Number of protein chains: 2
Amino acid sequence: MGRPLDAAKQQGIIDMAARHFFEHGYAATAIEQIAADAGVSKVTIYNQFGDKRALFAAAVACECEKLRGHFSLDAMPQGTIRERLTVIGEAIAAFLSRPEMIQFDRRIAAETETEPAIGEVFLDAGPRRMKHGFAAYLRYCAETGDLVLDDPELAAEQFVSMCKGMDDLERRFGAAVTPENFERRIAGAVDVFLAAYGAACHR
Amino acid sequence: MGRPLDAAKQQGIIDMAARHFFEHGYAATAIEQIAADAGVSKVTIYNQFGDKRALFAAAVACECEKLRGHFSLDAMPQGTIRERLTVIGEAIAAFLSRPEMIQFDRRIAAETETEPAIGEVFLDAGPRRMKHGFAAYLRYCAETGDLVLDDPELAAEQFVSMCKGMDDLERRFGAAVTPENFERRIAGAVDVFLAAYGAACHR
DNA sequence: GACAAAGTGAACGGCTCCGTTCAATTAAAC
DNA sequence: GTTTAATTGAACGGAGCCGTTCACTTTGTC
């Protein structure tokens, strides 16, 4: 009985919290500001979440949940193994180098120090999940004879790492994006990967 | 004339500042605490650096200067190309996964957002420098006939990226170190790299 | 319509910290 | 020994923000 919690309001708070936290950092974010931008009283936030850290944790958890949706390898690209790897590599690199992702990455990393559980949640929702999914695909490619490899997890890491390259780093440290290197990097990663694991090289 | 600045004191302040900033983060570090731990008055710090941000910048610059010392490829390892790459790969991976390096990385990344110049300074002192140095070595290996490659910079990125793998990520997000995977990852990186660029594969 | 719980606005205590001021002290240069 | 400048300790103003309290209003259930 009584008045029920407003779920939409709750989600609005979390969204706005995520926005502020990931844009300005944990310490630099004032709860009053979140409240104002979410069109909500500060007291409501404290009633629902109790704590600044708890609100942050909720924002992280929510964002990680969104992450889970991405990178389902359901709709697999068609074509030669080279074409397929190229498409996948491009998708991965593009996904990881989105500005929001870079920012999210920075925040989580910084806050992991004081709250290790946060880093763990992110690892499971993001990188590990992606790695296992891609490794499974590589295993499938090995079964169909397109690839020859005995450690799909390792191979997955290698491919993803090469696709990221150092552009990843550059962006995390504020360097401007360099789209001209993008295709070259992916093509290079596919070349090297196929030289090592391509069925043609093992005939 | 008059009393000169105490250089030793100045360095002590910077060292202590670096320690605090990189351990607890910029916002969570109080200048008074730095002053106390450096055995110095807070006023002295303000006289010498003027500002909290300036002190942080000085600490970053100093740390980057230290970074410059590392990774001179003067004392090159001997042996087959496979052996040499293995040694280099291990050194790079070990260097990058030191806890201090991880922390430093996190801080710089987080602070780059509000001060892009800081990220730039780090990129030049660290990653780019290392990449160019290693690329030069790869070019040399190509000249001696140990490798066959036409883009040493790209190859350097690929090799380093594979050596880092995702352990890099894991550590940034607080996961425990996994030394058992270390050698496997390096060996895998060398295998793939040589499959693509080794002279033996291009005969 | 009565009730119960959620939401609001304003104000407050407390805390931390930045950056400044000032008078007093120290230490090097001349 | 005098001068010049760095250094110090203490204290202060001011700001920002967390988390709480309280009286009041809204909004839903019974």
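We name chains A, B, ... by the order of the sequence lines, and we start the count at 1 in each one. What you are looking at is a predicted structure, and each value in this text was computed from that prediction instead of being measured.
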**Asked** Are B:Glu113 and A:Gln103 close enough that a side-chain donor and a side-chain acceptor fall under 3.5 Å?
**Response**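 On atom types as modelled, these side chains qualify, holding a pair under 3.5 Å.
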If I take atom [atom1] in residue [X] and atom [atom2] in nucleotide [N], what distance separates them, rounded to the nearest angstrom?
X       : N      : atom1 : atom2 : value
A:His24 : D:dG16 : NE2   : C1'   : 15 Å
B:Phe21 : C:dC17 : CZ    : P     : 12 Å
A:Glu32 : C:dT8  : CD    : P     : 14 Å

Please confirm whether the ring centroid of A:Phe159 lies under 6.0 Å from the ring centroid of A:Tyr197.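 No, they do not, as the ring centres are separated by 6.0 Å or more.
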Discussion item. Taking the cut-offs as 6.0 angstrom to the six-membered ring centre and 45 degrees off its axis, would you call B:Arg98 and B:Phe104 a cation-pi pair?
Written reply: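 Relative to the ring axis of B:Phe104, which defines the angle, B:Arg98 lies outside at least one limit.
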Quick check: closest heavy atoms across B:Leu67 and B:Gly126, and the distance to 0.1 Å?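 Taking B:Leu67 first and B:Gly126 second, the nearest heavy atoms are CD2-CA, 3.9 Å.
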Q. Does a nitrogen or oxygen in the side chain of B:Lys9 sit under 4.0 Å from OP1 or OP2 of C:dT26?
A.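 For C:dT26, OP1/OP2 do not have a side-chain N/O of B:Lys9 under 4.0 Å.
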Give the residues of residues 40-53 of chain B touching DNA chain C, defined as any heavy atom closer than 4.0 Å, sorted by residue number.
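B:Lys42, B:Val43, B:Tyr46, B:Asp51, B:Lys52, in order of number.
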With the threshold set at 4.0 Å, does a side-chain nitrogen-carboxylate oxygen contact exist between A:Arg19 and A:Asp15?
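Between A:Asp15 and A:Arg19 there is no salt bridge, as every charged N stays at least 4.0 Å from the carboxylate O atoms.
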Side chain of B:Ile31 - closest among C:dC17, D:dC18, C:dG19: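 Between C:dC17, D:dC18, C:dG19, the one nearest the side chain of B:Ile31 would be C:dG19.
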Exercise. Mind running side-chain contact (heavy atoms from CB on, under 4.5 Å) on A:Cys141 and A:Arg84 for me, showing each step along the way?
Key: CA-CA 10 Å; A:Cys141 290; A:Arg84 278 177 284 157; 4.2 Å; yes
